[in-house]
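Below are the structure tokens for one structure; questions will follow.
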Number of protein chains: 2
Amino acid sequence: MKHSTKRDAICEVLGAKRDHPTADMVYERVREKYPEISLATVYRNLAQLCAEGKIVKIGATGRERYDIDTSNHTHFFCDECGDVYDVFCPLTLNGYKNAENEVGGEITSASITFHGICRQCLAAKK
Amino acid sequence: MKHSTKRDAICEVLGAKRDHPTADMVYERVREKYPEISLATVYRNLAQLCAEGKIVKIGATGRERYDIDTSNHTHFFCDECGDVYDVFCPLTLNGYKNAENEVGGEITSASITFHGICRQCLAAKK
DNA sequence: GCAAAAGCAATAATCGTTATCGTTATTGAT
DNA sequence: ATCAATAACGATAACGATTATTGCTTTTGC
């Protein structure tokens, strides 16, 4: 992979505000610096960075979101505003081995996601 | 909600082979009995049944899958063949409360999904 | 500097899903 | 049984997110 100014800008955007932006959001933010960038370039580079393991795609149905933090952590989706927050506190899943026995195959990963209402939306509701 | 022959057929298909079919798969299977059914009708009824809580949509990025079993259980996605299997063995998640404290909001649900290689694909690899 | 390879913008195309619209089936009251 | 209200229907257009294509432009190793 060659060096690219646009890809740098995309990484910079992902690092600056870690709110797990969508491709569109990344596009809008990069455009502030490079107004000529194309949405296709954003998609292409996001896919490329994912393939390289430099960023991670968060499985959000309908609209994908991207996270530059590839360390092991969980995500909390606010069902009210749609924002995504990180959860770094340690979580343990018991019964994992039984699950593997039940399916008979090999479980390579277990993903946990939280849904609910975030602090701000909770406060706004009162 | 009025009674409908097509909706019955869709439920029947979902009940017959519980392999968590996609809308397309449901469409193909219902067509064996009702060749004139439209894909739109399938989507419409699947959405309706979901809204009624009669079936459940499995969050599979890109292509949704449907499950007539609304009881609490987990899903295992085979990354090789794409099939989805049920996991009924009990799982417990520790650290849940800490997560809620960390985000400050209210966690209403936690979803767990497994990924890996199913029994068949594992056997085929040897 | 120069040529090869990767990157780029613009845009067309694709995919899964949803909305629209004119017609048909189901229902509950007569 | 009839009839009007309304939900459901099929066909298809539209939609939003993403991917592929194409012809041109940077970047890089030499």
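Side-chain atoms are counted along with the backbone in the values below, which use heavy atoms only and exclude waters and symmetry mates. So that the names make sense, note that chain A is the first sequence line, chain B the second, and so on, each numbered from 1.
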Whether each nucleotide of nucleotides 1-11 of chain C has a protein heavy atom under 4.0 Å at its base (B), only at its sugar-phosphate (S) or at neither (-) is summarised, 5' to 3', as ----BSSBBBB

Whole angstrom value for the distance that separates P of dC15(C) from CG of Asp24(B):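 Asp24(B) atom CG is separated from dC15(C) atom P by 11 Å.
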
Distance in angstrom units between Tyr27(B) OH and dT17(C) P, rounded:
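Distance check: Tyr27(B) OH to dT17(C) P gives 14 Å.
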
query: Do Thr22(B) and Asp24(B) have side-chain N/O donor and acceptor atoms under 3.5 Å apart?
result: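 No donor-acceptor contact under 3.5 Å links the two side chains.
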
(message) Please check: side-chain N/O of Tyr96(A) versus main-chain N/O of Ile107(A), any donor-acceptor pairing under 3.5 Å?
(response)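 Checked: pair present.
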
Item to complete: Quick one: do Lys6(B) and Glu36(B) satisfy side chain to side chain contact (heavy atoms under 4.5 Å, CB included)? Show the steps, please.
Response: CA-CA 10 Å; Lys6(B) 306 291 165 65; Glu36(B) 78 284 5; 3.6 Å; yes

I need the full list of side chain to side chain donor-acceptor pair (under 3.5 Å) pairs touching residues 111-124 of chain A, with sequence neighbours left out, sorted by first then second residue.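 Every side chain to side chain donor-acceptor pair (under 3.5 Å) pair that includes a residue of residues 111-124 of chain A, provided the two are not neighbours, is Asp79(A)-His115(A), Ser111(A)-Thr113(B), Thr113(A)-Ser111(B).
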
Next on the checklist: At less than 4.0 Å, is any side-chain N or O atom of Tyr43(A) found next to OP1 or OP2 of dT18(D)? Yes or no.
Outcome noted: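 Answer yes for this pair, as a side-chain N or O of Tyr43(A) is under 4.0 Å from OP1 or OP2.
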
- Message: Classify the ring geometry of His75(A) against His20(A): parallel below 30°, tilted from 30° to 60°, perpendicular beyond 60°.
- Response: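 Perpendicular: the ring planes of His75(A) and His20(A) meet at over 60°.
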
Could you give the CG-to-P distance, from Leu49(B) to dA8(D), as a whole number of Å?
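Leu49(B) atom CG is separated from dA8(D) atom P by 10 Å.
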
Subject >> Euclidean distance, atom CZ of residue Arg31(B) to atom P of dC9(D) [Å, nearest integer] >> reply: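 In whole Å, dC9(D) P lies 16 Å from Arg31(B) CZ.
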
message: Test: side chain to side chain donor-acceptor pair (under 3.5 Å). Region: residues 99-109 of chain A. Which pairs qualify, not counting sequence neighbours?
response: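 Those involving residues 99-109 of chain A are Lys97(A)-Glu100(A).
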
